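If you scroll down you'll find the structure; I have some questions about it.
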Amino acid sequence: MQFTNLIRQHAAALRALLVLTVILGVAYPVFIWLVAQLPGLNHKADGSIVEADGKPVGSSLIGQLFTDADGNPLPQYFQGRPSAAGDGYDPMATSASNLGPESIVDQPGKPSLLTLVCQRSQAVGEFDGVSGARPFCTGDGVGAVLSVIGPRDSRGNVIHPTRVVSVNEPCDTTKTPFLNTYEGVRVECAQAGEDYSAGQIVPIHGSADAQVPADAVTASGSGLDPHISPAYADLQVNRVAEARGLAPEQVRQLVAQHTDGRTLGFLGEPRVNVLELNIALDTLSAGG
């Protein structure tokens with residue numbers, strides 16, 4: 001009797017497995033696929049593929065690099081924002097750097113987020129012919145951060161500095177620190193291997209006004225963002241126009257044509273799709 005009940009239970013479980021497999025493993029995926037092929041949905045369901053001359057060249061949802069074989073940005077193309085996904089915009093390695101606002105002190109072989117931002121701002125400035133200076137950055141493109149050593153008050157703030165070190169400027173890479181003195185104490189450059197964590201870490205704002213937009217120097221959370229801000233696009237107009245022998249106003253009109261407003265009129269910010277803009281540029285340059 002027990003054996004018969006056991007057979008019945010297993011048979012019921014097997015029937016349930018088969019039915020659920022057919023419904024959830026076959027019928028439901030086929031139904032969703034058919035719905036996704038409806039007009040208005042099929043383009044997005046198929047990956048939002050962008051074509052040029054009848055050939056797929058990318059997706060409007062995923063950014064890509066516009067660089068030469070050595071990884072140098074091509075001046076005739078608009079550049080996207082930095083990417084922390086693999087070697088850049090790798091959908092199989094989508095990720096962020098996991099570095100936050102408190103990442104301001106460089107570690108051996110691992111620059112802080114602040115220094116990465118400073119380096120990128122300097123590179124973008126040189127590439128696009130503007131100042132790459134920005135607050136909290138030294139003129140050499142690293143984080144302007146001091147370790148201030150001395151007696152502290154009850155809140156942990158140094159009262160009378162006895163020693164001040166520019167922690168992101170090693171002595172073997174700079175002649176003098178970005179700041180000569182801090183509260184009357186001479187600023188030293190950092191010595192390799194020395195620990196300055198006992199000091200109070202103080203970022204120095206400086207007087208620079210950033211001309212390079214934030215999205216030009218920071219990666220998105222996914223590392224796949226295909227868009228840039230209109231401000232970053234405008235920064236690149238003159239360089240792209242010169243490289244292609246076009247009038248800046250022609251390029252600026254293309255940027256305007258490929259600028260999307262806020263979603264539903266109030267969500268997010270205006271944005272420019274870099275891939276679609278560059279394809280339009282190639283078409284214009286080819287006389288299309």
Side-chain angles (χ1 to χ4, degrees), residues 50 52-53 57-84 87-89 114-142 144 206-220 223-262 268-288:
V50 178
D53 298 326
V57 294
S59 168
S60 63
L61 302 177
I62 300 176
Q64 58 181 266
L65 299 172
F66 293 90
T67 57
D68 60 20
D70 296 322
N72 300 311
L74 295 169
Q76 68 269 33
Y77 287 108
F78 281 86
Q79 300 296 315
R81 65 187 303 178
S83 171
D87 293 329
Y89 304 106
L114 177 58
T115 287
L116 286 175
V117 166
C118 295
Q119 292 173 344
R120 291 166 179 166
S121 186
Q122 191 174 58
V124 170
E126 292 175 357
F127 191 53
D128 288 305
V130 299
S131 171
R134 65 189 313 111
F136 302 107
C137 294
T138 73
D140 294 329
V142 298
S207 59
D209 292 325
Q211 296 185 27
V212 177
D215 62 306
V217 296
T218 55
S220 65
L224 306 179
D225 192 349
H227 300 98
I228 57 176
S229 66
Y232 187 25
D234 186 65
L235 185 72
Q236 303 183 63
V237 164
N238 289 335
R239 183 249 304 160
V240 172
E242 181 179 356
R244 290 179 177 267
L246 299 172
E249 189 55 37
Q250 288 180 284
V251 179
R252 196 166 280 109
Q253 288 176 358
L254 276 183
V255 171
Q257 293 170 11
H258 290 83
T259 300
D260 298 323
R262 292 179 172 88
E269 296 292 335
R271 56 202 181 275
V272 181
N273 190 289
V274 177
L275 174 60
E276 294 176 351
L277 175 58
N278 283 334
I279 291 175
L281 273 170
D282 285 341
T283 301
L284 178 63
S285 297

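Everything quoted here is computed from the prediction, not taken from an experiment.
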> Taking all atoms of both residues into account, what is the closest heavy-atom pair of Val272 and Ala233, and its distance?
Replying inline: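 Nearest heavy atoms, Val272 then Ala233: CG2-CB, 4.2 Å.
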>> Determine whether Arg252 and Val240 satisfy the following criterion, side chain to side chain contact (heavy atoms under 4.5 Å, CB included), listing intermediate values before the conclusion.
In response: CA-CA 10 Å; Arg252 196 166 280 109; Val240 172; over 6 Å; no
> Taking the side chain as C-beta and beyond, is there a heavy-atom pair between Asn273 and His258 under 4.5 Å?
Replying inline: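 Answer no - side chains too far apart.
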> Hey, does the side chain of Ser83 reach the backbone of Gly223 with a donor-acceptor pair shorter than 3.5 angstrom?
Replying inline: yes
> Can you tell if the side chain of Leu254 reaches within under 4.5 Å of the side chain of Leu281, non-hydrogen atoms only?
Replying inline: yes
> Between Ser121 (side chain) and Val117 (backbone), is there a donor-acceptor pair under 3.5 Å?
Replying inline: no
> Does any N or O in the side chain of Arg120 come within less than 3.5 Å of the main-chain N or O of Val217, such that one atom is a donor and the other an acceptor?
Replying inline: yes
> Are Val251 and Phe78 close enough that some pair of their side-chain heavy atoms sits under 4.5 Å apart?
Replying inline: yes
> Around Glu242, counting heavy atoms of other residues, nucleotides and ligands shown, do more than 12 lie under 6.0 Å from its CD?
Replying inline: no
>> Using a 6.0 Å cut-off, check whether atom CG of Asp68 has over 12 heavy atoms from anything other than its own residue.
In response: yes
> Is any side-chain heavy atom of Ile228 closer than 4.5 Å to a side-chain heavy atom of Leu277?
Replying inline: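 Counting from C-beta outward, Ile228 and Leu277 never come under 4.5 Å.
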> Where the side chain of Arg271 meets the backbone of Gly261, is there a donor-acceptor pair that is under 3.5 Å apart?
Replying inline: yes
>> Which heavy atom of Asp225 sits nearest to which heavy atom of Ser220, and what is that distance?
In response: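 Smallest heavy-atom distance, with atoms named: CB-OG, 3.4 Å.
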> Gln79 versus Val274: any side-chain heavy-atom pair under 4.5 Å?
Replying inline: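 When only atoms from C-beta onward are counted, Val274 and Gln79 do not touch, as no gap falls below 4.5 Å.
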>> Please give me the minimum heavy-atom distance between Ala144 and Leu114, naming the atom from each residue.
In response: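 Heavy atoms of Ala144 and Leu114 come nearest at N-CD2, 4.3 Å.
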>> Can you confirm whether Ser285 sits close enough to Leu246 that some side-chain heavy atom of one is under 4.5 Å from a side-chain heavy atom of the other?
In response: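 Yes, at least one pair of side-chain atoms sits under 4.5 Å.
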>> Would you say that Arg244 contacts Gln250 through its side chain, given a criterion of any heavy-atom pair below 4.5 Å between the two side chains?
In response: no
> Which atom pair, heavy atoms only, marks the closest approach of Gly141 to Gln119?
Replying inline: O-CG, 3.2 Å
>> Please give me the minimum heavy-atom distance between Thr218 and Pro82, naming the atom from each residue.
In response: O-CD, 3.6 Å
>> Can you give me the closest heavy-atom contact between Ala133 and Ala208, atom names plus distance?
In response: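 Nearest heavy atoms, Ala133 then Ala208: CB-CB, 3.8 Å.
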>> As an exercise, state the distance from CG of Leu61 to NE2 of His227, rounded to the nearest 0.5 Å.
In response: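 The NE2 atom of His227 is 8.0 Å from CG of Leu61, to the nearest 0.5 Å.
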> Under the 6.0 Å and 45° cation-pi test, does Arg81 pair with Tyr89?
Replying inline: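 Verdict for Tyr89: no cation-pi partner in Arg81.
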> Measuring from Ser229:OG to Glu269:CD, what's the distance to the nearest 0.5 Å?
Replying inline: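 Those atoms lie 9.5 Å apart.
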> Crowded around Asn72 CG? As in, over 12 foreign heavy atoms under 6.0 Å?
Replying inline: yes
> Just how far is it from atom CD of Gln76 to atom CG of Asp282, taken to the nearest 0.5 Å?
Replying inline: 8.0 Å
> Checking Arg239 side chain against Asp128 main chain: does a donor-acceptor pair fall under 3.5 Å?
Replying inline: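 Side chain of Arg239 to backbone of Asp128, a donor-acceptor pair under 3.5 Å: no, none is there.
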